[in-house]
Trainee: 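There's a structure below that I have some questions on.
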Amino acid sequence: MLTKLIFFMMIFSLPMQSQIWKTLTTKYFVIRYERNVSQSAIQDINDGLTSAYLEYAKIFGGQRNKWDVHIFSTVSAYKSKSRTRIFDDGDVTDGIIYLTVPKTLGRKAKFRTDVSKRLIIRALLEQISALPRWLAASYALYIAGDIDRFGDPARYNIASFYDLSEDYNHASEKKDVKELYAKLSATAKFLINRYGDVKVESMLRSFKGGGTIEEVFESSFNEKISDIEKAWVKALQNPE
């Protein structure tokens, strides 16, 4: 009896789901969006994502399959589905790009450039299996111009990149996640200021060949990991 009930519930829910969602398939994306999201908003988002993809795929390589993009009309629905820890505008979870277009957004140009770049960088870099997720998130903040969004780090309880990785994997409380992203921002600033854009891009691509962060950092920056980490911790403690 229970099995039949579940079956009929699934059957009746299908028409309802089709009424809620629409789909747009483009050259690079399969965009699923709630029907109350305007066509102009969807076009803006597709244009922004496409522009960012064409720019950064040249640097980090693209992918064969189209990306799944899910777009919601409310922040609450977006947060529930994406399981984002901090962003109220867009995030990448399990290879899916999630976005929200709340009615109060009203700043489409900034949405297209900043958010789209952050999401595309995350999606591209997360295809590189050896590249640490915290490093992808850190670099995405820099590319999106979000480097000062979360302020300066307030706690100096880490001494290695392994510690930062642990924080990235386990931070869940709001204050801890904000602190984590402040450290990620400071880390991106440190890497760019110390080594420059070209070397950092080359380092990120080097993870395609596998290797640990120690191996890739030392070969890319021609410094011992211990020296890099000492300079990094000092930069966290003394933000510019």
Side-chain angles (χ1 to χ4, degrees), residues 48-49 51-53 55-57 59-60 75 78-79 82-93 95-100 107 109-128 131-156 158 161 163-205 207 213 216-217 220-221 228-229 231-233 235-240:
L49 292 174
S51 176
Y53 175 76
E55 180 177 358
Y56 292 104
I59 301 172
F60 300 111
V75 174
Y78 148 76
K79 285 186 173 181
S82 68
R83 307 190 307 279
T84 185
R85 289 187 288 180
I86 197 164
F87 295 107
D88 59 4
D89 44 19
D91 212 342
V92 179
T93 305
I96 298 175
I97 296 172
Y98 291 90
L99 291 162
T100 182
R107 45 189 181 92
K110 183 175 178 59
F111 186 86
R112 288 197 303 269
T113 54
D114 296 0
V115 180
S116 296
K117 285 185 176 183
R118 170 162 49 81
L119 297 177
I120 288 297
I121 286 293
R122 282 288 301 276
L124 286 170
L125 293 183
E126 289 189 2
Q127 293 181 116
I128 306 173
L131 196 154
R133 293 296 176 261
W134 65 262
L135 185 54
S138 174
Y139 186 70
L141 291 173
Y142 165 71
I143 289 297
D146 282 339
I147 212 74
D148 298 315
R149 180 172 179 174
F150 303 101
D152 294 328
R155 303 195 299 264
Y156 311 112
I158 59 177
F161 294 121
D163 295 335
L164 184 57
S165 177
E166 286 295 293
D167 284 355
Y168 183 81
N169 290 332
H170 298 111
S172 58
E173 297 294 328
K174 185 176 181 179
K175 60 180 178 59
D176 295 330
V177 174
K178 184 178 182 297
E179 175 67 14
L180 165 66
Y181 274 82
K183 287 186 171 73
L184 292 176
S185 298
T187 299
K189 188 183 296 185
F190 162 77
L191 291 173
I192 295 297
N193 288 345
R194 188 174 179 86
Y195 303 110
D197 290 87
V198 175
K199 277 194 174 182
V200 171
E201 288 174 2
S202 178
M203 173 271 292
L204 294 169
R205 289 195 302 269
F207 278 100
I213 192 162
V216 173
F217 271 35
S220 298
F221 301 138
I228 297 172
E229 287 181 328
W232 166 66
V233 171
L236 292 184
Q237 295 172 346
N238 301 281
E240 295 181 359

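Computed from a predicted structure; not experimentally measured.
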Trainee: Do L180 and R85 come within less than 4.5 Å of each other through their side chains, counting heavy atoms only?
Mentor: yes

Trainee: Less than 4.5 Å apart, any side-chain heavy atom of T93 and any of T84?
Mentor: no

Trainee: Under 3.5 Å, side chain of D176 to main-chain N/O of S172, donor-acceptor pair present?
Mentor: no

Trainee: Is any side-chain heavy atom of W232 less than 4.5 Å from a side-chain heavy atom of I158?
Mentor: yes

Trainee: Under a 3.5 Å distance rule, please check whether Y78 uses its side chain to pair with a backbone N or O of G90 as donor and acceptor.
Mentor: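 Confirmed, Y78 side chain pairs with G90 backbone.
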
Trainee: Any idea how F161 and W134 line up, ring-wise: parallel (<30°), tilted (30 to 60°), or perpendicular (>60°)?
Mentor: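 Parallel: the ring planes of F161 and W134 meet at under 30°.
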
Trainee: Keeping the roles fixed (side chain from R194, backbone from I192), state whether a donor-acceptor pair exists under 3.5 Å.
Mentor: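 Not at all, since once roles are kept as given, no pair shorter than 3.5 Å links the two residues.
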
Trainee: Below 4.5 Å, heavy atoms only, C-beta onward: do P132 and F207 meet side chain to side chain?
Mentor: yes

Trainee: Rounded to the nearest 0.5 Å, what separates atom CZ in R122 from atom OH in Y56?
Mentor: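 Interatomic distance, R122 CZ to Y56 OH, rounded to 0.5 Å: 15.0 Å.
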
Trainee: If you take all heavy atoms of R118 and A140, which pair is closest and at what distance?
Mentor: O-CB, 3.7 Å

Trainee: Could you tell me whether the side chain of F87 reaches within less than 4.5 Å of the side chain of T100, counting heavy atoms only?
Mentor: no

Trainee: Search all heavy atoms of L125 against all heavy atoms of Y139 and return the closest pair with its distance.
Mentor: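 It is CD1-CD2, 3.9 Å.
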
Trainee: Looking only at heavy atoms, what is the nearest atom pair of A186 and L236, with distance?
Mentor: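 Nearest heavy atoms, A186 then L236: CB-CD2, 3.3 Å.
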
Trainee: Determine whether M203 and V200 make a side-chain contact, defined as any pair of heavy atoms from C-beta on separated by less than 4.5 Å.
Mentor: yes

Trainee: Between D148 and K189, does any NZ, NE, NH1 or NH2 come within less than 4.0 Å of an OD or OE carboxylate oxygen?
Mentor: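 D148 and K189: salt-bridged.
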
Trainee: State the OG1-CG distance between T187 and L141, to the nearest 0.5 angstrom.
Mentor: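 Taking OG1 in T187 and CG in L141, the distance rounds to 10.0 Å.
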
Trainee: In Å, rounded to the nearest 0.5 Å, how long is the span from NZ of K79 to CD1 of I86?
Mentor: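 Between K79 NZ and I86 CD1, I get 9.5 Å after rounding to 0.5 Å.
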
Trainee: With the threshold set at 4.0 Å, does a side-chain nitrogen-carboxylate oxygen contact exist between D89 and R149?
Mentor: yes

Trainee: Mind checking the CD1-CD1 spacing from I121 to I59? Nearest 0.5 Å is all I need.
Mentor: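 Between atom CD1 of I121 and atom CD1 of I59 there are 6.5 Å.
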
Trainee: Decide, yes or no, whether a salt bridge links R83 with D91 under the criterion of side-chain N to carboxylate O below 4.0 Å.
Mentor: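 No salt bridge links R83 with D91.
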
Trainee: State, to 0.1 Å, how close D114 and A144 come at their nearest heavy-atom pair, and which atoms those are.
Mentor: O-CB, 3.4 Å

Trainee: Might you point out which heavy atoms bring S185 and F150 nearest each other, and give the distance in Å?
Mentor: OG-CD1, 4.0 Å

Trainee: Which distance, rounded to the nearest 0.5 Å, do you find between the CG of L164 and the NZ of K183?
Mentor: 8.0 Å

Trainee: If you look at every heavy atom in V115 and L99, which pair is closest and at what distance?
Mentor: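 Closest approach of V115 to L99: CG1-CD2, 3.9 Å.
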
Trainee: Assert yes or no for the condition that the ring centre distance of Y195 to F217 is strictly below 6.0 Å.
Mentor: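 That pair fails the under 6.0 Å test.
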
Trainee: Report the distance from atom CD1 of I213 to atom OG of S165, rounding to the nearest 0.5 Å.
Mentor: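 The OG atom of S165 is 8.0 Å from CD1 of I213, to the nearest 0.5 Å.
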
Trainee: Are E179 and K175 within salt-bridge range, i.e. N to O under 4.0 Å?
Mentor: no

